[in-house]
Amino acid sequence: MRSLIVKGGYVYDPLNGVDGERMDILISGGKVVEELDEREAKVVDASGMVVMPGGVDLHSHIAGSKINIGRVLRPEDHRKDPVPRTRLTRSGVGYSCPSTFVAGYRYAQLGYTSVMEAAMPPLGARHVHEELNDTPILDRTAFTLFGNNYFTLKYVKAGDMGMLKAFIAWLLRATRGYAVKIVNPGGVENWKWGRNVGGLDDLVYNFEVSPRQIITSLARANEELGLPHTIHLHCNNLGVPGNYETTIDTMEAVRDIKPREGRRATVHIVHCQFNALDGDNWMNVRSGAAKIARYVNAHSHVTLDIGQAIFTDTTTMTGDGPWQFRLHNLTGNKWVNSDVEMEAGAGVVPYTFRKNNPANAIQWAIGLELALLIYDPWRVYMTTDHPNGGPFTFYPKVISWLMSRKARTETMLEIHKACMRRTTLAGIYREYDFGEIATVTRAATAKALGLKDKGHLGPGADGDVSVYDIDPTDWRPSMYRQVEKAFSRAAYTIKGGEIVVKDGEVVAAPPGTTIWADVKIPEDAEEELMRDLEADFRSYYTISLANYPVQDEYLPVQERVAVDGRRGW
Amino acid sequence: MTVIRDVVCPFCGCLCDDLEVTVEGNKIVKTRNTCAISSAKYMHHEENRITAPSVDGREVPLDEAVEAAAEILASARRPLVYGLSSTECGAIAKAVELAELVGGVVDNTASVCHGPTILALQAVGESKCTLGEVKNRADLVIFWGCNPTEAHLRHLIRYSGMPKGLYTPEGRKGRYIVAVDVRETRMKRLADQFLKIEPNGDFELLSALRAAVREVKVQAETVAGVPREQIEALAERMKRVKMGVIFFGLGLTQSDGRHMNIDAAVGLVADLNHHTKFVLTPMRGHYNVAGANTVTAWQTGYPYAVDFSRGYPRYNPGEYTAVDLLARGEADAALIVASDPAAHFPADAARHLARIPVVTLDQKVNMTTMLSKVVIPVATAGVEAEGTAYRMDGVPIRLRKVVEPSDGVLPDAEVLQMIIDRVRALKEGA
Ligand SMILES: [Zn+2]
């Protein structure tokens, strides 16, 4: 592949302290380099444009059984967004449940080059990886579900941190996962009896452990092993008015856990918008974002992503079965529930966020309040929890709201006035600049994930670059429509040194790399774990332990992140 | 002699993965943990094999057969790609890609078995679980319009009837089993309760049960031949159990009402979830019909009946389903992978298939290979080739290879890739 020079753009590379300086980015052998032979290189003219590292989405649902249930469930969703094939690209469908190929193309068109699949049920891991292999361009990881796993509950109950850590290491390897995902800890296990948990100190049937114990044990194990990312937590009581208290309790519960070397955070709270509701019911619901922001501003051990709500028809899908049943009953919309033996569950319900619905207007405001009231952009990230808050294709719109108070005001005038009275958004004047946008969409997410070669443009970084056709020196927040347009269709997206998008069109669709965490633990700990797993697998699973781990055939292009978990043993 | 353990059985939707296959000199000599159906399939897998590729009945080298197949598909105006439910997912993915490339229609056998299940899902949803949930928790198991003692022989033993699981330490004794069918089957002896219902009475009975669950008084003395007291008693039992499951088969999807029956069952199960845990699971026949739906959905958005004639996927069961496309005389060429529609389709559809050029990929001689213009023998997934299959409950499992295929015999996916490459060359040359 020819080397590349991205020439003359205004570069935003927050991890390296670069904030809009005009400079060239040199890429050779797929990596950013300090110098190269300019005569050999292809030149990408970025003059007058914004240059950033490729986007890194740390929480999205693009592959596996949940999104595929959504696809099967929603032909009506696909019909409004068919995508024809070209000589270079596969056909498919878009909107809220895009086909795998289309998801890859569209992320790249927005300038994203890495996306994390946020919920992988272990038994369905092969399915996730098969779909990721049909998702072109993007590098990716998948987060393995742990919070309601039988073995997690068993070892937490026994208070056996050694076995819990050994199990985390083993299951990440067996599923080729990257991080510890927790969804409504304890609640999903109780849902298998048709029940839920109501807070951190409720108990899980048959195990008599609490969500608090599950979260703190997994967080401690996560940090002791030294995993690249913190625990990735979907809190209890999602979607329940008043749940901001549970969210703050949860943050407080992991405050004293010692983070692994080199970071301060011990927890990432996902799609916090859904967990920042104040009030007692859906009639008097109001924003709890300011209270959460106050906590986060005062405590450095928390990161979160906003899960911005978008006024559109979308498809909700989570590993939180009881919440999806509740949503089905609230809306009367069609409902899929899917319980996975020994491990997890999931639900899927179509949902429309409506401008004239007071609760939806408040939810819309909460996401933005979180992003604007939390001062440190390194700890609050832009997501829509695709497709739960809305499809990722609305990211440019979210960027325009973050960068322009005028854009927010115009939306506020169109929607239910509850967002004026029951949130603080109208009184917030903060507007993001390009550097902060680069932070919350790539630099900070890559850093939180521990992906060292992503999210920046220093020497040795992956040659993933996005170029947006907007001149930051000649831009004011009132021109937010321009920003939305520029971020909708990258002038260039460069992936591993190859131009994959030019003028908003896909021009190459190479396969992406699947990155997973390979954690080393002491041999005797692993042997002890395997003895325990063998007995329980034989008794309680319906597939044999020998057929359980994901085979290497499912990861044709892979990268292991080696973690030495023995140090803290 | 080698004994291969943990072999995954590629012959029905149960995908039992505890088989032992003994191989001697590339020949299967013994199997363990198989059911009657699968042991016969393993032991006789070499019989009746297609020995060589052929075009118009004349044996040809593989390349020549591939070229002929590519010419047929590339020049067709409305080619149909059909079958797919008895091969592995890699081949299914290639078949979808090929259908897209030639602007054809791709469909799988769901359109003649559990298609109504999918239509019901699209209308109202579903509540399901993996089979281990049933093993570990269910204390009420209902088989509706299906007979595992004939079609899924180890289902009762491994998953739904006998096994002792995490919260079902008593095994069979701790489960109440109900069978609902229009005729007395062997399930009558096996079940704790057998409800013989009038043919095509499923919708009424499901609706009556739903009414009883909602405590609406059923007025009729009997519904679909079942006395009111029995309906009320069963509804009461359904609400009281710790976890209940309804397995259903073609008796429900293919009787009058079709997807409306499943709608009614989904509604019943949704209502029951206000009282306890209840799920509904189709008993899928072909071992990878779930995989065919799964792969087609992630590539196109739709699980079956997909038309690419406009360059993007469109979905319309009843229009782009194989039987309908053929019966209307619309398809002008067909690629059949791992299926025998000539034997199983209604007469008018089968008759049209005999009139158009057909390319068939299969292991064995069957009615479809006999009417095909191009026949290419392929390796058997799960016996002679690896690959992924999705169990009836959606659990993906990697099939193992236990013996080598004959010289020159390739897996479906590789043959399909060769055809894709040739079609591409033909299209780009033109
Ligand atoms: Zn999510």
Side-chain angles (χ1 to χ4, degrees), chain A residues 63 65 67-69 71-79 82-85 90-93 97-102 123-127 130-131 134 150 191-194 206 325 328-329 333-342 345 348-349 539-547 551 553-554, chain B residues 5-6 8 17-18 89 93 97 100-101 118 121-133 135-137 158-159 164-167 242-243 270 273-279 293-295 297-303 308 310-315 386 388 390-391 394-398 400:
Chain A
S65 58
I67 180 73
N68 215 39
I69 288 169
R71 295 185 189 109
V72 174
L73 183 68
R74 301 217 59 197
E76 73 280 10
D77 183 84
H78 309 325
R79 267 193 197 121
V83 180
R85 72 179 280 269
R90 296 287 303 272
S91 74
V93 295
C97 301
S99 55
T100 53
F101 304 111
V102 172
L123 197 56
R126 262 173 290 272
H127 185 174
E130 285 205 299
E131 288 200 16
D134 271 350
Y150 164 83
W191 173 240
K192 291 177 173 178
W193 301 117
N206 301 302
F325 184 57
H328 157 64
N329 291 318
N333 291 346
K334 54 191 178 182
W335 163 62
V336 175
N337 175 70
S338 172
D339 293 336
V340 180
E341 67 205 59
M342 307 293 285
V348 182
V349 176
S539 305
Y540 307 136
Y541 265 99
T542 55
I543 95 168
S544 72
L545 186 54
N547 287 322
Q551 293 82 355
E553 283 84 351
Y554 293 90
Chain B
R5 285 175 223 286
D6 304 303
V8 184
D17 76 331
D18 61 341
C89 291
E97 184 179 349
E100 181 190 297
L101 184 63
I118 292 168
L121 161 71
Q122 289 166 344
V124 292
E126 66 179 336
S127 170
K128 60 178 184 171
C129 67
T130 69
L131 291 165
E133 280 297 295
K135 166 177 161 171
N136 286 330
R137 295 178 206 260
R158 271 173 63 82
Y159 308 125
K164 295 179 177 167
L166 198 50
Y167 306 109
K242 283 196 294 185
M243 185 214 175
N273 272 283
H274 289 282
H275 301 275
T276 184
K277 188 74 190 182
F278 230 97
V279 296
N293 296 148
T294 300
V295 174
W298 88 53
Q299 293 213 342
T300 73
Y302 307 109
F308 289 106
R310 291 196 186 160
Y312 54 82
R314 290 186 299 162
Y315 168 68
E386 294 191 359
T388 317
Y390 286 68
R391 204 164 66 181
V395 173
I397 306 182
R398 186 154 188 87
R400 287 169 190 265

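Every chain is numbered from 1 and lettered A, B, ... according to where its sequence line falls, protein lines coming before strand lines. Just so we're clear, the structure is a prediction, and the values are computed from it rather than from any experiment.
- The greatest number of non-hydrogen atom pairs below 4.5 Å with chain B, out of A:Asn333, A:Thr100, A:Val349, is found for A:Thr100.
- Using a 4.5 Å cut-off between heavy atoms, A:Ile69 contacts chain B through its side chain alone, with no backbone atom that close.
- Put simply, the side chain of A:Asn547 never gets that close to the backbone of B:Ile397: no donor and acceptor are under 3.5 Å apart.
- The parts of A:Ser338 that come within reach of chain B are both its backbone and its side chain, each placing non-hydrogen atoms under 4.5 angstrom from that chain.
- Between B:Leu166 and A:Glu341, the closest side-chain pair of non-hydrogen atoms is not below 4.5 Å.
- Listed options B:Tyr302, B:Phe278, B:Tyr159 were ranked by heavy-atom pairs under 4.5 angstrom with chain A; first place goes to B:Tyr302.
- Within the 4.5 Å cutoff, the side chain of A:Tyr554 has heavy atoms near those of the B:Arg398 side chain.
- Proximity of A:Arg85 to B:Leu101: side-chain heavy atoms (C-beta onward) are separated by under 4.5 Å at one or more points.
- Contact of A:Asn329 with chain B is made through the side chain alone, with heavy-atom distances under 4.5 Å.
- Most heavy-atom pairs under 4.5 Å with chain A, from the set B:Val279, B:Ile118, B:Thr388: that is B:Thr388.
- Using a 4.5 Å cut-off between heavy atoms, B:Glu386 contacts chain A through its side chain alone, with no backbone atom that close.
- Looking at A:Tyr540, the atoms closer than 4.5 Å to chain B (heavy atoms on both sides) sit in the backbone and in the side chain alike.
- For B:Phe308, the part lying under 4.5 angstrom from a heavy atom of chain A is the side chain only.
- In this structure, the portion of B:Ala123 lying under 4.5 Å from any heavy atom of chain A is its backbone and not its side chain.
- Checking side-chain atoms of A:Arg71 against main-chain N and O of B:Thr300 turns up no donor-acceptor pair under 3.5 Å.
- For A:Asn206, the part sitting under 4.5 Å from any heavy atom of chain B is the side chain, from C-beta outward, and nothing else.
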Apply side-chain contact (heavy atoms from CB on, under 4.5 Å) to residues B:Met243 and A:Lys192 and explain how you reach the verdict. CA-CA 8 Å; B:Met243 185 214 175; A:Lys192 291 177 173 178; over 6 Å; no

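- Here the straight-line distance linking atom CG of A:Asn337 with atom OG of B:Ser127 works out to 4.5 Å at 0.5 Å rounding.
- Heavy-atom pairs under 4.5 Å with chain B were tallied for A:Glu131, A:Gln551, A:Arg90; the largest tally goes to A:Arg90.
- Taking all atoms of both residues into account, the shortest heavy-atom contact from B:Gln299 to A:Ser99 is O-CB, 3.6 Å.
- Looking at B:Arg314, neither its backbone nor its side chain comes within 4.5 Å of chain A, counting heavy atoms on both sides.
- For the set A:Trp191, A:Tyr541, A:Tyr150, the count of heavy-atom pairs under 4.5 angstrom toward chain B peaks at A:Trp191.
- With a 4.5 angstrom heavy-atom cutoff, B:Lys135 touches chain A only via side-chain atoms.
- Between B:Asn293 and A:Val72 there is no side-chain heavy-atom pair separated by less than 4.5 Å.
- Between B:Gly311 and A:Ser91, the closest heavy-atom pair is O-CB, 3.3 Å.
- Nearest heavy atom pair, residue A:Pro82 against residue B:Tyr312, reads CB-CD1, 3.4 Å.
- A:Thr542 has its side chain out of reach of B:Thr130: every pair of non-hydrogen atoms, C-beta onward, lies at least 4.5 Å apart.
- Of all the heavy atoms in A:Lys334 and B:Gln122, the pair that sits closest is NZ-O, 2.6 Å.
- In this structure, the portions of B:Thr294 lying under 4.5 Å from any heavy atom of chain A include both its backbone and its side chain.
- Under the 4.5 Å side-chain criterion, counting only non-hydrogen atoms from C-beta, A:Trp335 is in contact with B:Asn273.
- Between chain B and the options A:Glu130, A:Met342, A:His328, heavy-atom pairs under 4.5 Å are most frequent for A:Glu130.
- B:Tyr390 is not listed as a side-chain neighbour of A:Arg126, based on a closest heavy-atom distance of 4.5 Å or more.
- Nearest heavy-atom pair, A:Gly92 versus B:Pro313, reported as atom, atom and distance to 0.1 Å: O-CD, 3.5 Å.
- Of the N and O atoms on the side chains of A:Ser544 and B:Arg5, not one donor lies less than 3.5 Å from an acceptor on the other residue.
- Few gaps surround CZ on A:Arg79; more than 12 heavy atoms of other groups in view lie less than 6.0 Å from it.
- Neither the backbone nor the side chain of A:Glu76 comes within less than 4.5 Å of any heavy atom of chain B.
- Residue contact with chain A, scored on non-hydrogen atoms closer than 4.5 Å, involves the backbone of B:His275 exclusively.
- Aromatic ring orientation, B:His274 versus A:Phe325: tilted (interplanar angle from 30° to 60°).
- Minimum heavy-atom separation, B:Gly301 to A:Val93: CA-CG2, 3.8 Å.
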